[in-house]
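Here's the structure, in C-alpha coordinates; my notes come after.
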Amino acid sequence: MKIGRETEVITVEPVEDPVPVEEPLLPADEPEPEPARDGGRSRS
Amino acid sequence: MVDGRAPDGIEPVVGWRAWTARRSEADHPDATWGLHSVAYVAEWPVGAPLRARCRLPRNACRDIPGQRCRCGIYAVNGPVEAYRYMRNPRRVISGTFSGVPIVLGEVALWGRIVVGELGWRGEFGYPRRLFLLAGSSPDDGIVAQRLEDYRVPVTITSRAALFDLHPIARRSGRPLRSLLKHTRYGSSRRRAHSDPDWGRKKGL
(Lines give C-alpha, C1' and ligand atoms only; values in the text may rest on other atoms or scores of the structure.)
Protein backbone atom coordinates (compact mmCIF):
# COMPACT_ATOMS: atom_id res chain seq x y z
CA MET A 1 0.00 0.00 0.00
CA LYS A 2 1.49 3.32 -1.00
CA ILE A 3 1.40 5.98 1.66
CA GLY A 4 3.61 8.44 -0.18
CA ARG A 5 6.54 10.32 1.24
CA GLU A 6 6.82 9.67 4.95
CA THR A 7 6.97 12.87 6.89
CA GLU A 8 7.02 12.09 10.60
CA VAL A 9 6.63 9.51 13.34
CA ILE A 10 4.06 10.09 16.06
CA THR A 11 2.77 8.16 19.03
CA VAL A 12 -0.92 7.86 19.74
CA GLU A 13 -2.27 6.59 23.03
CA PRO A 14 -6.07 6.61 22.83
CA VAL A 15 -7.85 7.52 26.03
CA GLU A 16 -10.67 5.20 25.00
CA ASP A 17 -9.93 1.67 23.90
CA PRO A 18 -10.38 1.50 20.10
CA VAL A 19 -11.44 -2.13 20.50
CA PRO A 20 -15.18 -2.16 21.22
CA VAL A 21 -16.23 -4.02 24.31
CA GLU A 22 -19.33 -6.10 24.58
CA GLU A 23 -22.24 -4.63 26.45
CA PRO A 24 -21.97 -5.85 30.02
CA LEU A 25 -24.74 -8.24 30.94
CA LEU A 26 -26.96 -7.26 33.83
CA PRO A 27 -26.39 -9.45 36.85
CA ALA A 28 -29.10 -12.02 37.47
CA ASP A 29 -30.12 -10.40 40.77
CA GLU A 30 -30.46 -6.93 39.27
CA PRO A 31 -33.45 -5.35 41.10
CA GLU A 32 -36.51 -4.68 39.02
CA PRO A 33 -37.08 -0.97 38.42
CA GLU A 34 -39.70 0.49 40.71
CA PRO A 35 -43.09 1.14 39.13
CA ALA A 36 -43.89 4.75 38.52
CA ARG A 37 -45.93 6.32 41.33
CA ASP A 38 -48.48 7.71 38.94
CA GLY A 39 -49.42 4.24 37.88
CA GLY A 40 -47.26 4.27 34.82
CA ARG A 41 -48.95 7.19 33.13
CA SER A 42 -46.79 9.36 31.02
CA ARG A 43 -45.70 12.65 32.57
CA SER A 44 -46.32 14.51 29.40
CA MET B 1 3.47 7.74 27.78
CA VAL B 2 6.23 6.44 25.55
CA ASP B 3 9.83 6.60 26.81
CA GLY B 4 8.68 9.20 29.32
CA ARG B 5 7.36 11.43 26.54
CA ALA B 6 3.79 12.57 26.24
CA PRO B 7 1.92 11.06 23.29
CA ASP B 8 1.30 13.18 20.22
CA GLY B 9 -2.36 12.22 20.17
CA ILE B 10 -5.07 10.66 22.31
CA GLU B 11 -7.41 9.76 19.44
CA PRO B 12 -6.58 6.91 17.08
CA VAL B 13 -5.69 7.76 13.51
CA VAL B 14 -8.49 6.60 11.22
CA GLY B 15 -7.72 5.47 7.69
CA TRP B 16 -9.08 3.06 5.12
CA ARG B 17 -7.95 -0.38 4.08
CA ALA B 18 -9.15 -3.50 2.32
CA TRP B 19 -9.66 -7.00 3.65
CA THR B 20 -10.98 -10.27 2.48
CA ALA B 21 -13.39 -12.20 4.68
CA ARG B 22 -12.74 -15.90 5.06
CA ARG B 23 -14.21 -18.70 7.07
CA SER B 24 -12.02 -20.15 9.76
CA GLU B 25 -13.08 -23.73 9.04
CA ALA B 26 -14.65 -23.94 5.65
CA ASP B 27 -16.64 -27.12 6.23
CA HIS B 28 -17.84 -26.42 9.74
CA PRO B 29 -21.44 -25.17 10.02
CA ASP B 30 -20.56 -22.86 12.93
CA ALA B 31 -17.42 -21.53 11.30
CA THR B 32 -16.53 -17.97 12.16
CA TRP B 33 -15.61 -15.38 9.58
CA GLY B 34 -12.47 -13.37 9.97
CA LEU B 35 -10.94 -10.39 8.25
CA HIS B 36 -7.69 -11.12 6.44
CA SER B 37 -5.06 -8.76 5.09
CA VAL B 38 -4.66 -8.88 1.34
CA ALA B 39 -0.91 -8.44 1.09
CA TYR B 40 0.28 -10.69 3.91
CA VAL B 41 -1.04 -13.73 5.68
CA ALA B 42 -2.60 -12.10 8.70
CA GLU B 43 -5.99 -12.72 10.25
CA TRP B 44 -7.38 -9.83 12.22
CA PRO B 45 -8.42 -11.05 15.68
CA VAL B 46 -11.91 -10.42 17.00
CA GLY B 47 -12.02 -8.30 20.13
CA ALA B 48 -8.28 -7.63 20.24
CA PRO B 49 -5.99 -5.33 18.31
CA LEU B 50 -3.76 -6.61 15.55
CA ARG B 51 -0.17 -5.76 16.39
CA ALA B 52 2.26 -5.18 13.55
CA ARG B 53 5.30 -7.42 13.19
CA CYS B 54 8.49 -6.81 11.30
CA ARG B 55 9.09 -9.66 8.89
CA LEU B 56 12.75 -9.05 8.32
CA PRO B 57 14.57 -12.04 9.87
CA ARG B 58 17.92 -10.47 10.69
CA ASN B 59 17.28 -6.79 10.56
CA ALA B 60 14.05 -6.78 12.50
CA CYS B 61 12.98 -3.33 13.58
CA ARG B 62 13.32 -2.56 17.25
CA ASP B 63 10.56 0.01 16.97
CA ILE B 64 7.65 -1.06 14.80
CA PRO B 65 6.84 0.36 12.33
CA GLY B 66 10.44 1.14 11.51
CA GLN B 67 11.49 4.15 9.54
CA ARG B 68 14.01 2.22 7.44
CA CYS B 69 11.56 -0.61 6.86
CA ARG B 70 8.13 -1.07 5.28
CA CYS B 71 6.58 -2.88 8.24
CA GLY B 72 3.40 -1.82 10.00
CA ILE B 73 -0.35 -1.91 9.57
CA TYR B 74 -1.17 0.19 6.54
CA ALA B 75 -4.09 2.52 5.97
CA VAL B 76 -4.77 5.08 3.28
CA ASN B 77 -6.95 8.15 2.89
CA GLY B 78 -10.04 6.67 1.32
CA PRO B 79 -11.86 3.63 -0.02
CA VAL B 80 -10.82 4.24 -3.61
CA GLU B 81 -7.14 4.14 -2.72
CA ALA B 82 -7.64 1.04 -0.59
CA TYR B 83 -9.49 -0.74 -3.39
CA ARG B 84 -6.92 0.24 -6.01
CA TYR B 85 -4.28 -1.42 -3.91
CA MET B 86 -6.02 -4.76 -3.74
CA ARG B 87 -6.80 -4.68 -7.45
CA ASN B 88 -3.08 -4.78 -8.25
CA PRO B 89 -2.26 -8.49 -8.47
CA ARG B 90 1.44 -7.90 -7.89
CA ARG B 91 0.72 -6.60 -4.42
CA VAL B 92 -1.61 -9.23 -3.12
CA ILE B 93 -1.24 -12.81 -2.03
CA SER B 94 -3.57 -14.63 -4.34
CA GLY B 95 -3.76 -12.18 -7.20
CA THR B 96 -7.46 -12.78 -7.63
CA PHE B 97 -10.44 -12.33 -5.38
CA SER B 98 -13.06 -13.95 -7.50
CA GLY B 99 -15.74 -15.31 -5.18
CA VAL B 100 -13.97 -14.03 -2.08
CA PRO B 101 -15.89 -11.50 0.02
CA ILE B 102 -14.21 -8.11 -0.24
CA VAL B 103 -14.46 -5.71 2.64
CA LEU B 104 -13.42 -2.09 2.63
CA GLY B 105 -13.53 -0.10 5.79
CA GLU B 106 -12.17 2.30 8.30
CA VAL B 107 -9.41 1.14 10.58
CA ALA B 108 -8.20 2.73 13.80
CA LEU B 109 -4.43 2.89 14.15
CA TRP B 110 -2.56 3.73 17.30
CA GLY B 111 0.72 3.25 19.09
CA ARG B 112 3.72 4.23 17.00
CA ILE B 113 2.61 5.63 13.65
CA VAL B 114 4.61 6.61 10.59
CA VAL B 115 2.74 9.40 8.82
CA GLY B 116 2.85 9.54 5.03
CA GLU B 117 1.41 11.98 2.54
CA LEU B 118 -1.16 9.40 1.40
CA GLY B 119 -1.65 7.31 4.52
CA TRP B 120 -0.11 5.74 7.59
CA ARG B 121 1.79 2.74 8.92
CA GLY B 122 0.73 1.89 12.45
CA GLU B 123 1.73 -0.36 15.32
CA PHE B 124 -1.77 -1.41 16.43
CA GLY B 125 -4.96 -1.63 14.42
CA TYR B 126 -8.59 -2.58 14.79
CA PRO B 127 -11.45 -2.21 12.30
CA ARG B 128 -13.81 0.67 12.97
CA ARG B 129 -16.47 0.43 10.27
CA LEU B 130 -16.84 -2.29 7.67
CA PHE B 131 -18.42 -2.14 4.21
CA LEU B 132 -18.94 -5.50 2.54
CA LEU B 133 -19.00 -5.07 -1.21
CA ALA B 134 -22.35 -6.33 -2.42
CA GLY B 135 -22.16 -9.39 -4.59
CA SER B 136 -18.59 -10.25 -3.68
CA SER B 137 -19.69 -13.22 -1.59
CA PRO B 138 -22.14 -16.06 -2.18
CA ASP B 139 -24.33 -14.78 0.66
CA ASP B 140 -23.67 -11.17 1.65
CA GLY B 141 -26.20 -11.25 4.48
CA ILE B 142 -24.57 -14.14 6.29
CA VAL B 143 -21.06 -12.77 5.83
CA ALA B 144 -22.09 -9.33 7.09
CA GLN B 145 -23.79 -10.90 10.09
CA ARG B 146 -20.71 -12.90 10.97
CA LEU B 147 -18.46 -9.86 10.60
CA GLU B 148 -20.51 -8.17 13.32
CA ASP B 149 -18.49 -10.36 15.70
CA TYR B 150 -15.94 -7.54 15.46
CA ARG B 151 -18.57 -5.41 17.23
CA VAL B 152 -18.33 -2.64 14.67
CA PRO B 153 -20.99 -1.45 12.21
CA VAL B 154 -21.16 -3.60 9.06
CA THR B 155 -22.89 -2.31 5.93
CA ILE B 156 -23.49 -4.11 2.66
CA THR B 157 -23.02 -1.65 -0.18
CA SER B 158 -22.02 -1.38 -3.77
CA ARG B 159 -18.56 -0.19 -4.66
CA ALA B 160 -20.07 2.63 -6.71
CA ALA B 161 -22.14 3.93 -3.80
CA LEU B 162 -19.21 3.77 -1.41
CA PHE B 163 -16.84 5.57 -3.75
CA ASP B 164 -19.33 8.26 -4.71
CA LEU B 165 -20.65 8.99 -1.23
CA HIS B 166 -17.36 8.91 0.67
CA PRO B 167 -16.21 12.36 -0.58
CA ILE B 168 -19.65 13.76 0.22
CA ALA B 169 -19.50 12.34 3.73
CA ARG B 170 -16.03 13.79 4.20
CA ARG B 171 -17.08 17.25 3.01
CA SER B 172 -20.36 17.37 4.87
CA GLY B 173 -19.25 15.68 8.07
CA ARG B 174 -22.22 13.31 7.83
CA PRO B 175 -21.57 9.67 8.65
CA LEU B 176 -21.02 7.66 5.50
CA ARG B 177 -23.19 4.84 6.81
CA SER B 178 -26.03 7.26 7.30
CA LEU B 179 -25.67 8.59 3.76
CA LEU B 180 -25.67 5.07 2.37
CA LYS B 181 -28.76 4.24 4.37
CA HIS B 182 -30.82 7.37 3.95
CA THR B 183 -29.80 8.83 0.62
CA ARG B 184 -31.99 7.84 -2.24
CA TYR B 185 -28.93 6.56 -3.91
CA GLY B 186 -29.18 4.81 -7.19
CA SER B 187 -27.77 6.75 -10.07
CA SER B 188 -24.18 5.60 -9.91
CA ARG B 189 -25.19 2.19 -8.63
CA ARG B 190 -27.28 1.75 -11.75
CA ARG B 191 -24.47 3.24 -13.75
CA ALA B 192 -22.04 0.73 -12.31
CA HIS B 193 -24.30 -2.14 -13.19
CA SER B 194 -25.31 -0.93 -16.61
CA ASP B 195 -22.06 0.59 -17.80
CA PRO B 196 -19.32 -2.00 -18.26
CA ASP B 197 -16.73 0.77 -18.48
CA TRP B 198 -17.69 2.31 -15.14
CA GLY B 199 -14.64 0.92 -13.38
CA ARG B 200 -12.26 2.01 -16.12
CA LYS B 201 -13.71 5.51 -16.14
CA LYS B 202 -13.15 5.69 -12.41
CA GLY B 203 -9.58 4.53 -12.89
CA LEU B 204 -10.21 1.18 -11.24
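Lettering of chains follows the sequences in order, A, B, ..., and the numbering in each one begins at 1.
For a residue to count as touching a neighbouring chain, one of its non-hydrogen atoms must lie under 4.5 Å from one of that chain's; by this rule Arg128(B) does not touch chain A. Residue Phe124(B): no heavy atom, backbone or side chain, is found under 4.5 Å from chain A.
Your options are Trp110(B), Tyr74(B), Tyr150(B), and the one with the most heavy-atom pairs under 4.5 Å with chain A is Trp110(B). With chain A as the partner, the residue from Val114(B), Asn77(B), Leu118(B) showing the most heavy-atom pairs under 4.5 Å is Leu118(B). In terms of heavy-atom pairs under 4.5 Å with chain A, the best-connected choice from Leu109(B), Val76(B), Val152(B) is Val76(B). In terms of non-hydrogen atom pairs under 4.5 Å with chain A, the most contact-rich of Gly111(B), Pro12(B), Ala108(B), Ala18(B) is Gly111(B).
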Go through it in stages, so that I can follow the logic: the residues are Arg112(B) and Glu13(A), the test is salt bridge (Lys or Arg N to Asp or Glu O under 4.0 Å), and I'd like the CA-CA distance, side-chain angles, deciding distance and then a yes or no.
CA-CA 9 Å; Arg112(B) 179 181 161 89; Glu13(A) 291 184 33; over 6 Å; no
Test Arg17(B) against Glu106(B) for salt bridge (Lys or Arg N to Asp or Glu O under 4.0 Å), laying out the working first.
CA-CA 7 Å; Arg17(B) 59 172 294 125; Glu106(B) 292 180 350; over 6 Å; no
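Taken from CZ in Arg159(B) to CG in Leu133(B), the straight-line distance is 7.5 Å, to the nearest 0.5 Å.
The closest side-chain donor-acceptor pair between Thr20(B) and Arg22(B) falls under 3.5 angstrom.
A distance of 6.0 Å or more separates the ring centres of Tyr85(B) and Trp16(B).
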